[in-house]
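The analysis underlying the following values was restricted to heavy atoms, covering all of them including side chains, and did not include hydrogens, waters or symmetry mates.
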Amino acid sequence: MGGSKTYPYGSTTAVRGHVLAALGVLKLATADQMHRLMAPGHRDNKAFRNAAWDLARHGLVVSEGSSRDGHKIWHLTPVGLDAADEVLGRPVGEMGGTARGAARSGAPHAMAVNETIIAITRTPATATRPVPRQPTPELVTIAAASGPTSLAKPVTDVPGIGWGGSWSTEVPLAAPSSRAGRAGVRADAVLTAPEAGVPVLFVEVDNCTEPPETLEAKFEKYLRYFRLTTKSSLGDD
């Protein structure tokens, strides 16, 4: 493997940081997904596989199952959450739990959410750590307005938005209700990329496992959430 005694799989500090950051955002992910989200400029996902194995030796990540296409699914341990906090600069409470046990069934919904995030982000293929990009408003407008015609263009023509650290997953959005716990909705993913002209974007991913009535109820809850007002320090809405 050509590694050291501490990291026998030969992973680098940079790629280990990518893995911690990706799992801090996605909660569950394969090495291939982490590679494509964080640093697709690497020739393949081997560096990410090796980094995951090295981090596992130190008790920061663990794999408890595989995706339906046979790739190992990784998630953070409690110690790994603390390490991801340092990499992302994001409080552990904002990253949620460790998703323990979720990979045993193949986590098809989480895998679909990850693919959606990767498709929207479209991280540039550089081997260095991706940083928040500064696309022009014109490019963002083109990406948002491309609509059906985008299928006729190469996908590489469409710029991505944000970077891996612009995302959060499984985000609870509470709303007031007379029935506690029934008014809110949990967004599958939330993108915050004001530098790209996207102050906030809520993403729902459906694997065709929920009836139309459930999806309709989610939209109603989102609508209720967006209608909330809050008081400023001056007392205005």
Say you draw a straight line from [atom1] of [X] to [atom2] of [Y]; how long is it, rounded to the nearest 0.5 Å?
{"X": "D188", "Y": "I117", "atom1": "CG", "atom2": "CD1", "result": "9.0 Å"}
{"X": "L55", "Y": "R57", "atom1": "CG", "atom2": "CZ", "result": "11.5 Å"}
{"X": "M38", "Y": "H42", "atom1": "CE", "atom2": "NE2", "result": "10.5 Å"}
{"X": "W167", "Y": "L37", "atom1": "CH2", "atom2": "CG", "result": "9.5 Å"}

What closest approach, in Å, do [X] and [Y] show between heavy atoms, and which atom pair accounts for it?
{"X": "A84", "Y": "L76", "value": "CB-CD1, 3.8 Å"}
{"X": "L23", "Y": "W74", "value": "CD2-O, 3.4 Å"}
{"X": "T77", "Y": "G59", "value": "OG1-O, 2.6 Å"}
{"X": "D206", "Y": "E210", "value": "OD1-N, 3.9 Å"}
{"X": "N114", "Y": "Q33", "value": "ND2-OE1, 2.9 Å"}

[X] side chain to [Y] main-chain N or O, any donor-acceptor pair under 3.5 Å?
{"X": "N207", "Y": "T209", "result": "no"}
{"X": "D54", "Y": "Y9", "result": "yes"}
{"X": "R68", "Y": "A107", "result": "no"}
{"X": "R186", "Y": "E170", "result": "yes"}

Among residues at least two apart in sequence or on other chains, which ones pass salt bridge (Lys or Arg N to Asp or Glu O under 4.0 Å) with D32?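 Per chain and number, D32 pairs via salt bridge (Lys or Arg N to Asp or Glu O under 4.0 Å) with R36.
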Indicate whether any N or O donor in one side chain lies under 3.5 Å from an N or O acceptor in the other, for [X] and [Y].
{"X": "W163", "Y": "T121", "result": "no"}
{"X": "K27", "Y": "T169", "result": "yes"}
{"X": "D69", "Y": "S67", "result": "yes"}

Suppose the criterion is ring pair (Phe, Tyr, Trp, His ring centres under 6.0 Å): which pairs have a residue in residues 20-39, not counting sequence neighbours?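 Every ring pair (Phe, Tyr, Trp, His ring centres under 6.0 Å) pair that includes a residue of residues 20-39, provided the two are not neighbours, is H35-F48.
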Can you tell whether the side chains of K218 and E204 come within less than 4.0 Å, N to carboxylate O?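 Judged by the 4.0 Å cut-off on N to carboxylate O distance, K218 and E204 do form a salt bridge.
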For Y7, does the six-membered ring have the charged nitrogen or CZ of R16 within the cation-pi criterion, i.e. under 6.0 angstrom from the centroid and within 45° of the normal?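 Geometry flag: set, cation within 6.0 Å and 45°.
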